Visitor: 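Below is one structure. I have some questions about it.
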Amino acid sequence: MSGEPLLEGRALHKVFGGYSAIVDVSIAVRRGSIHALIGPNGAGKTTLFNVITGVLPPTRGAVLVKGEDVTGARPDRITRLGVVRTFQSVRLFSSMTAHENVRVGRHCRSRGGFASALLRVPFRASAAEAAAHKRADELLAQVGLQGKQNVRAGDLALADQRRLEIARALASDPELLLLDEPVAGMTPVEVQESGRLLRALRDRGITILLTEHHMSLVMEISDTVSVLNFGCKIAEGTPAEVRSNRQVLEAYLGTGEVV
């Protein structure tokens, strides 16, 4: 794992009216790592994700991707720099097949996007479509959805829908993948399968920043864990360091005991 930060948030602050959702939060996500962001509901995790990905502008502070200042940039610009996210609630095109959903994710990397597909330029369009079909098949197999290419997304089980979201995100060739609660609602077996998938993605060179309430998974797969509470970062370190941090145990876990 390189020590180079792929993503940096510097003293990020976001205020809604008189409420500070995140307060001077700094974070550096190292290339080739799995970096977990944990904290209780309302701690500011999703707000931080939204600021990083351009959904919300910060009240103050800076966001850098590969050293480039993208503070307040539109989400599409940040996506083109290789930062792609999923959401806590599933956001698939439910009436489209799994294969079609993944191909939609590929459009931001195609030269002509939707316009090229609609115009169907002879030869070049057909070659691009063939490549997109092949890539979609590869990604579906990579996340464990081989054989389900033609199933409507809305007919897939929840765990498969979340895998499909990851496949669609991978279609844009991200360097950094932001996952918001990727195993929410999954069974213990499905959680373990997802953990293996995330480690495999990291081993293929994809950096991952995730928010997650499933502490066993976080402690098992993460290289670095950052902890938010009431919008402030209260701890950061390896899983072993965080799980034995007294402030984390009292403020976040509420037990005073090592987990």
Side-chain angles (χ1 to χ4, degrees), residues 2 6-7 31-34 53 65-66 74-87 89-180 182-183 186 190 192-210 221:
S2 169
L6 182 56
L7 168 75
R31 189 181 293 274
S33 70
I34 296 178
T53 56
V65 176
K66 295 183 284 188
R74 288 175 22 160
D76 60 316
R77 179 187 168 199
I78 295 173
T79 297
R80 286 194 297 272
L81 288 172
V83 178
V84 181
R85 72 173 290 183
T86 66
F87 292 83
S89 57
V90 175
R91 298 190 180 186
L92 296 169
F93 296 101
S94 60
S95 64
M96 296 170 64
T97 66
H99 200 274
E100 289 167 339
N101 268 274
V102 176
R103 278 157 41 208
V104 166
R106 187 66 187 168
H107 277 294
C108 77
R109 289 299 186 198
S110 63
R111 296 182 64 181
F114 282 109
S116 177
L118 291 172
L119 291 173
R120 292 182 176 272
V121 177
F123 306 114
R124 187 174 67 180
S126 61
E129 288 173 6
H133 275 265
K134 181 180 178 181
R135 181 60 173 156
D137 285 338
E138 293 171 348
L139 291 172
L140 287 169
Q142 186 174 331
V143 301
L145 292 178
Q146 60 269 38
K148 299 183 179 180
Q149 293 94 326
N150 297 320
V151 178
R152 289 175 65 254
D155 294 334
L156 292 170
L158 175 61
D160 285 344
Q161 289 183 1
R162 293 196 180 280
R163 292 187 186 100
L164 179 54
E165 282 200 310
I166 291 175
R168 186 174 66 180
L170 293 173
S172 63
D173 295 333
E175 293 183 59
L176 173 62
L177 189 59
L178 278 71
L179 306 175
D180 196 350
V183 302
M186 290 190 184
E190 291 166 343
Q192 289 300 312
E193 291 172 347
S194 294
R196 287 193 290 271
L197 170 61
L198 297 183
R199 285 193 295 264
L201 293 177
R202 177 194 57 194
D203 293 344
R204 292 186 181 102
I206 297 174
T207 305
I208 296 172
L209 174 63
L210 64 92
I221 70 172

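This one's a predicted model, so the numbers in the text were calculated from it and none came from an experiment.
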Visitor: Can you list everything that forms a side-chain contact (heavy atoms from CB on, under 4.5 Å) with Leu92? Sequence neighbours excluded, please.
Guide: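 Per chain and number, Leu92 pairs via side-chain contact (heavy atoms from CB on, under 4.5 Å) with Val90, Asn101, Ala153, Gln161, Leu164, Glu165, Arg168.
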Visitor: Quick one: pull up CG in Leu209 and CZ in Arg85 and give me the separation to the nearest 0.5 Å.
Guide: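 Spacing of CG (Leu209) from CZ (Arg85) equals 10.0 Å.
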Visitor: Salt bridge or not for Arg199 and Asp203, using N-O below 4.0 Å?
Guide: no
Visitor: Is a side-chain donor or acceptor of Gln149 paired with a backbone partner of Gly147 at a separation under 3.5 angstrom?
Guide: yes
Visitor: Determine whether Leu7 and Thr207 satisfy the following criterion, side-chain contact (heavy atoms from CB on, under 4.5 Å), listing intermediate values before the conclusion.
Guide: CA-CA 10 Å; Leu7 168 75; Thr207 305; over 6 Å; no
Visitor: Rounded to the nearest 0.5 Å, what separates atom NZ in Lys148 from atom CG in Asp160?
Guide: 3.5 Å
Visitor: How far apart are the C-alpha atoms of Arg31 and Glu175, what are their side-chain angles, what is the distance that settles it, and do they pass the side-chain contact (heavy atoms from CB on, under 4.5 Å) test?
Guide: CA-CA 8 Å; Arg31 189 181 293 274; Glu175 293 183 59; 2.9 Å; yes
Visitor: Taking it one step at a time, do Leu198 and Leu177 satisfy side-chain contact (heavy atoms from CB on, under 4.5 Å)?
Guide: CA-CA 10 Å; Leu198 297 183; Leu177 189 59; 5.7 Å; no
Visitor: Take Ser33 and Arg202 through the test side-chain contact (heavy atoms from CB on, under 4.5 Å) and record every step on the way to the result.
Guide: CA-CA 7 Å; Ser33 70; Arg202 177 194 57 194; 5.6 Å; no
Visitor: Which of these passes side-chain contact (heavy atoms from CB on, under 4.5 Å) with Ile208: Leu179, Leu178, Leu176?
Guide: Leu179
Visitor: Is the shortest side-chain heavy-atom distance between Ile206 and Leu170 below 4.5 Å?
Guide: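 Counting from C-beta outward, Ile206 and Leu170 do come under 4.5 Å.
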Visitor: Which pair of non-hydrogen atoms, one from Ser194 and one from Met186, has the smallest distance, and what is that distance?
Guide: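 Minimum heavy-atom separation between Ser194 and Met186: OG-SD, 3.2 Å.
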Visitor: Return all side-chain donor-acceptor pairs below 3.5 angstrom for residues 132-140, not counting sequence neighbours, or 'none' if the list is empty.
Guide:
{"residue": "Asp137", "atom": "OD1", "partner": "His99", "partner atom": "NE2", "Å": "3.0"}

Visitor: Flag the pair Glu190 and Arg162 as a salt bridge only when some basic side-chain nitrogen lies within less than 4.0 angstrom of an acidic carboxylate oxygen.
Guide: no
Visitor: At their closest point, which heavy atom of Ala169 faces which heavy atom of Pro174, and how far apart are they?
Guide: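 Nearest pair, atom of Ala169 first, then Pro174: O-CD, 3.4 Å.
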